[in-house]
Amino acid sequence: MSPITEVAGRRLTLSNLDKVLYPTGFTKGEVLHYYATTAEVLLPHLHDRPVSFLRYPDGIDGEKFFAKNVPPGAPEWLETTEVTRSSGKSTHQALLQDLPSLMWAANLVTELHTHQWRIGEPGRADRLVLDLDPGEPATIVECVTVARWLRDRLADDGLTAYAKTSGSKGLHLLVPIEPAASSDVTAYTKELAVQAERELPDLVVHRMGRHLRPGKVFVDFSQNAAAKTTATPYTLRARSEPTVSAPVTWDELAACGHPSDLVFLAGDIAGRVAEHGDILGPLTDPDAARPLPGGRQ
């Protein structure tokens with residue numbers, strides 16, 4: 001029988017806590033423990049953002065599937081929202097607003113992915129994202145060079161960039177902005193990607209074609225579209241190890257000499273939060289937001 005526990009007054013059924021999910025021996029119970037102990041810094045990045053899940057209930061070597069709709073059997077107390085797509089169809093999605101809802105999601109064994117907008121203003125982003133994806137033999141080391149160029153270029157427009165690892169191969173740059181139409185944010189970030197390719201032609205590509213990407217860093221601006229999502233800060237990833245999409249400082253990026261320097265596992269995060277706090281805290285602070293240049297609103 002699956003154990004039932006109480007989290008902040010909510011009853012939850014947890015299952016298969018000893019199941020090994022990662023080849024390193026990391027178990028489902030450890031997944032739940034990770035999310036519980038990271039909730040204080042993770043939950044502000046989830047607040048009011050419809051969540052999509054990459055689920056891998058039988059481990060990273062089993063079936064993986066991306067899900068937007070709330071699965072059957074969700075607790076009645078789970079907060080949800082309807083999201084209308086450009087096709088006119090809608091999805092019924094979870095909002096992970098508190099520790100019980102986060103633990104419910106963790107019990108499904110998930111990566112957490114969120115939009116750049118919140119439910120109060122769907123399709124109006126309050127942050128922008130640039131996903132730096134290296135094409136072999138390029139690595140995250142080359143991503144750092146591109147990230148630093150983009151940071152300085154964003155600063156020229158009065159915007160402050162923050163960084164996190166993707167938890168896979170690359171980096172994400174995130175910028176708090178005053179709410180603006182997702183289409184305008186996409187147009188602006190495309191301009192940045194094109195400029196980066198022009199200034200760093202041997203290193204950057206802004207187009208998605210894989211034949212263009214070997215040895216270069218793809219600057220993906222498309223995740224700013226209203227329908228797109230990005231891996232949430234602090235989410236676990238379905239990799240060979242329990243890697244985390246972990247916030248990093250610019251000093252850490254400057255010191256990176258090897259891809260392994262920017263690999264962070266679940267067990268690393270508590271110590272990093274104790275040392276740095278939430279490096280991405282300004283993303284959840286309305287006072288840190290700045291307008292997009294050119295009067296885009």
Side-chain angles (χ1 to χ4, degrees), residues 22-24 26 30-31 34-35 37-38 41-42 45 54 60 111-114 127-155 160-176 189 192-193 196 200 202-206 213-221 223 229-283:
Y22 292 82
T24 56
F26 201 72
E30 289 174 299
V31 167
Y34 167 76
Y35 279 119
T37 55
T38 312
V41 289
L42 170 55
H45 296 286
L54 177 66
I60 63 101
E111 290 184 8
L112 308 174
H113 294 250
T114 42
R127 65 186 186 193
L128 67 79
V129 62
L130 290 161
D131 179 3
L132 310 186
D133 186 10
E136 294 182 355
T139 69
I140 200 169
V141 176
E142 285 73 28
C143 290
V144 169
T145 300
V146 178
R148 295 174 76 184
W149 186 92
L150 287 165
R151 174 198 60 184
D152 295 344
R153 175 63 186 81
L154 286 158
T160 301
Y162 301 86
K164 67 181 179 75
T165 66
S166 68
S168 179
K169 298 180 298 180
L171 285 174
H172 295 158
L173 295 189
L174 297 149
V175 178
T189 51
L192 294 178
L200 303 169
D202 295 330
L203 192 57
V204 173
V205 62
H206 82 278
R213 292 163 62 175
K216 295 189 176 183
V217 175
F218 172 44
V219 179
D220 184 1
F221 56 88
Q223 292 174 34
T229 60
T230 304
T232 303
Y234 301 103
T235 186
L236 288 169
R237 303 305 303 268
R239 309 293 294 178
S240 59
E241 299 180 283
T243 57
V244 174
S245 186
V248 289
T249 69
W250 286 105
D251 286 345
E252 288 177 309
L253 293 181
C256 175
H258 188 274
S260 62
D261 294 338
L262 292 174
V263 175
F264 300 100
L265 304 180
D268 299 324
I269 302 305
R272 290 183 58 75
V273 171
E275 179 180 359
H276 299 292
D278 181 12
I279 295 167
L280 300 183
L283 291 171

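Scanning all heavy atoms of the two residues, the minimum distance from Leu171 to Ala147 falls at CD1-CB, 4.1 Å. Between Ala163 and Leu173, the shortest heavy-atom contact is CB-CD2, 3.8 Å. Of all heavy-atom pairs between Pro282 and Pro176, the closest is O-CB, 3.8 Å. When all heavy atoms are compared, the tightest approach of Pro247 to Asp278 is CG-OD1, 4.4 Å. The two atoms that bring Thr24 and Ser240 nearest to each other are CG2-O, 4.0 Å, heavy atoms only. Here the closest non-hydrogen pair linking Leu236 and Ala266 is CD2-CB, 3.8 Å.
With values rounded to the nearest 0.5 angstrom, Leu42 atom CG is found 7.0 Å from Tyr35 atom OH. With rounding to the nearest 0.5 angstrom, the SG atom of Cys256 is 13.0 Å from the CG atom of Asp251. With rounding to the nearest 0.5 Å, the separation of NE2 in His276 from CD1 in Ile269 is 10.0 Å. Note: Asp261 CG to Glu252 CD = 10.0 Å, rounded to the nearest 0.5 Å. Taken to the nearest 0.5 Å, the CG atom of Asp202 stands 6.5 Å off from the NZ atom of Lys216. Annotation: the span from Leu200 atom CG to Glu142 atom CD amounts to 12.0 Å, rounded to 0.5 Å.
Contact of the Leu262 side chain with the Leu253 side chain is registered, since non-hydrogen atoms from C-beta on lie closer than 4.5 Å. Asp133 places a side-chain heavy atom less than 4.5 Å from the side chain of Arg213. Side-chain contact between Arg272 and Ile279: present, with at least one pair of heavy atoms (C-beta onward) separated by less than 4.5 Å. Residues Trp149 and Val219 fail the side-chain proximity criterion, which asks for heavy atoms closer than 4.5 Å. Proximity of Thr230 to Leu174: side-chain heavy atoms (C-beta onward) are nowhere separated by under 4.5 Å. Within the 4.5 Å cutoff, no side-chain heavy atoms of His45 are placed close to those of Leu112. Residues Leu192 and Leu154 meet the side-chain proximity criterion, which asks for heavy atoms closer than 4.5 Å. Two residues are said to be in side-chain contact when any heavy atoms from C-beta on lie closer than 4.5 Å; Arg148 and Trp250 meet this criterion.
Neither side chain, Arg237 nor Thr165, offers a donor N or O lying under 3.5 Å from an acceptor on the other. Donor-acceptor pairing under 3.5 Å is recorded for the side chains of Arg239 and Ser168.
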Worksheet item: Is there a side-chain contact (heavy atoms from CB on, under 4.5 Å) between Asp268 and Val244 once you walk through the steps?
Response: CA-CA 9 Å; Asp268 299 324; Val244 174; over 6 Å; no
Worksheet item: Passes side-chain contact (heavy atoms from CB on, under 4.5 Å), Leu130 versus Phe221? Steps please.
Response: CA-CA 5 Å; Leu130 290 161; Phe221 56 88; 4.2 Å; yes
Discussion item. Between Thr114 and Arg127, does the side-chain contact (heavy atoms from CB on, under 4.5 Å) criterion hold? Intermediate values first, please.
Written reply: CA-CA 11 Å; Thr114 42; Arg127 65 186 186 193; 3.3 Å; yes
